[in-house]
There are 2 protein chains.
Amino acid sequence: MNLDLTLSSLQDKGHRITKVRKEVVKIFSQSSQPLSANQVEKMLSQVNVTANKATIYRELQFLLTNRYLTEVYLHPNEVSYESSELKHHHHLVCDICGSIDNVTNCLVSKLEEDVLKKKGFQIERHMLEFYGTCSRCLKQT
Amino acid sequence: MNLDLTLSSLQDKGHRITKVRKEVVKIFSQSSQPLSANQVEKMLSQVNVTANKATIYRELQFLLTNRYLTEVYLHPNEVSYESSELKHHHHLVCDICGSIDNVTNCLVSKLEEDVLKKKGFQIERHMLEFYGTCSRCLKQT
DNA sequence: TAGACTAATGCAATAAAGTCGCAAATAACA
DNA sequence: TGTTATTTGCGACTTTATTGCATTAGTCTA
């Protein structure tokens with residue numbers, strides 16, 4: 001799903017396409033990295049769109065509610081977001097440099113079936129995050 | 001590893017066994033659920049141990065640094081902790097009632113080997129959390 | 001294009017989670 | 001029991017996030 005399609009589908013639901021909304025959706029449609037509210041604020045100012053913190057938080061909540069964004073918890077006290085339209089993936093978080101890489105193969109679905117069978121818990125989604133040392137940092141030690 | 005063993009190993013490293021420390025370690029050694037700082041505070045007061053918020057945060061950091069506790073991120077803006085000594089497991093978080101159950105079988109290790117081979121990223125740990133509807137809540141709908 | 005309607009925004013106050021410096025208290029050990 | 005260094009409480013402060021309200025500005029229609 002591309003940028004314009006996302007925006008017009010929001011518009012179809014009666015929501016307005018404002019400067020901030022347009023730019024935030026654009027930022028996430030182009031980012032391969034999860035972004036926090038602060039990072040979004042910085043990226044907005046880089047394209048000369050100033051928005052109040054409250055507006056940014058509200059916009060992120062809005063896009064989350066409308067299922068365009070997904071929450072990611074990688075670090076304490078910092079919620080990040082990424083486009084729900086990204087191919088299902090997991091993160092490789094480097095403890096040393098903080099870099100974030102993605103893994104797209106996922107063996108979890110089989111586990112999910114087992115859980116439903118054994119526990120009766122119906123899984124809607126999962127988060128799988130990896131922490132360790134990226135190849136670049138491994139070389140430097 | 002039991003309660004007394006944990007405490008005496010901390011003591012061996014030159015740390016003191018205070019009322020708060022003893023009680024916090026005890027709480028985690030008996031809990032199958034991850035606990036936030038606030039929850040720890042409540043559980044402390046239930047056994048008539050009052051401790052300042054700052055003290056609790058410091059104690060949690062201390063136990064984290066000393067690898068007795070592990071961080072868990074299940075919800076935005078709330079870090080929880082659990083004993084590192086629990087058998088490796090993942091969480092089933094119910095979106096409706098908030099209950100937390102554990103799964104102990106883990107298919108992730110194979111994936112980890114693949115990642116190291118393909119990406120050169122050395123995984124030290126991972127977090128896998130599931131969100132959905134628990135069996136009890138499923139029945140009530 | 002002007003005007004009406006309502007979503008979205010900015011601002012300011014507030015809440016909640018967490019941190020830090022410093023003086024006082026207390027565990028550990030001789 | 002006294003000494004010493006760790007731990008604690010207190011209070012101030014920081015960061016992240018939320019909310020009410022008045023204003024602004026998209027969107028739709030005439």
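Throughout, a chain's letter reflects where its sequence line sits, starting with A, and its residues are numbered from 1.
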task: List the steps and the verdict of side-chain hydrogen bond (donor to acceptor under 3.5 Å, both in side chains) for B:His89 and B:Glu82.
output: CA-CA 11 Å; B:His89 64 280; B:Glu82 60 186 9; 3.2 Å; yes

- line: Separation of D:dT8 atom P from B:Glu59 atom CD, nearest Å, is 6 Å

Contact state string [nucleotides 23-30 of chain C, B base, S sugar-phosphate only, - no protein heavy atom under 4.0 Å]: ---BBS--

task: For A:Leu7 and C:dA8, give me the distance from atom CG to atom P, rounded to whole Å.
output: 13 Å

- request: Could you tell me which non-hydrogen atom of B:Ile100 sits nearest to which non-hydrogen atom of B:Gln33, and how far apart they are?
  value: O-NE2, 2.8 Å

- request: May I have the distance from B:Phe62 (atom CZ) to C:dT19 (atom C1'), rounded to whole angstrom?
  value: 18 Å

message: I want to check one thing: is the phosphate of D:dT18, taken as OP1 and OP2, less than 4.0 Å away from some side-chain N or O of A:Tyr57?
response: no

task: Calculate the interatomic distance between B:Gln39 atom CD and C:dG18 atom C1'; express it in whole Å.
output: 16 Å

field: Taking every non-hydrogen atom, the tightest pair across A:Ser36 and A:Ser80
entry: N-OG, 3.8 Å

- request: Could you state the atom-to-atom distance from NZ of A:Lys13 to P of D:dT27 in whole Å?
  value: 15 Å

- request: With the side chain counted from C-beta on, respond yes when B:Glu129 and B:Tyr131 share a heavy-atom pair under 4.5 Å apart, and no when they do not.
  value: yes

- request: May I ask you to say what A:Arg21 touches in the nucleic acid, namely base, sugar-phosphate or nothing, with a heavy-atom cut-off under 4.0 Å?
  value: sugar-phosphate

task: When you get a sec, tell me which of C:dA8, C:dT9, D:dT16 is the closest nucleotide to the side chain of A:Asn38?
output: D:dT16

statement: Which of D:dT18, D:dG9, C:dG18 is nearest the side chain of B:Val79? It is C:dG18

message: Taking 4.0 Å as the cut-off, does a side-chain nitrogen or oxygen of A:Asn77 come that near to OP1 or OP2 on C:dG18?
response: yes

- request: Compute the centroid of each ring, for B:His126 and then for A:His91, and state whether the two points are separated by less than 6.0 Å.
  value: no

- line: Side-chain atoms of B:Arg58 come closest, of D:dT18, C:dG10, D:dC10, to D:dC10

query: Can you name the closest pair of heavy atoms from B:Leu69 and B:Leu64 and give their distance?
result: O-CD1, 3.3 Å

query: Quick one: B:Lys42 NZ to C:dA16 P, roughly how many Å, whole number?
result: 12 Å

Flag side-chain contact, heavy atom, 4.5 Å: A:Val79 against B:Tyr73: no

- line: Whole-Å distance, A:Lys22 NZ to C:dA8 P, equals 15 Å

- prompt: Expressed in angstrom and rounded to an integer, what is the separation of A:Gln61 atom CD from C:dA7 atom P?
  reply: 18 Å

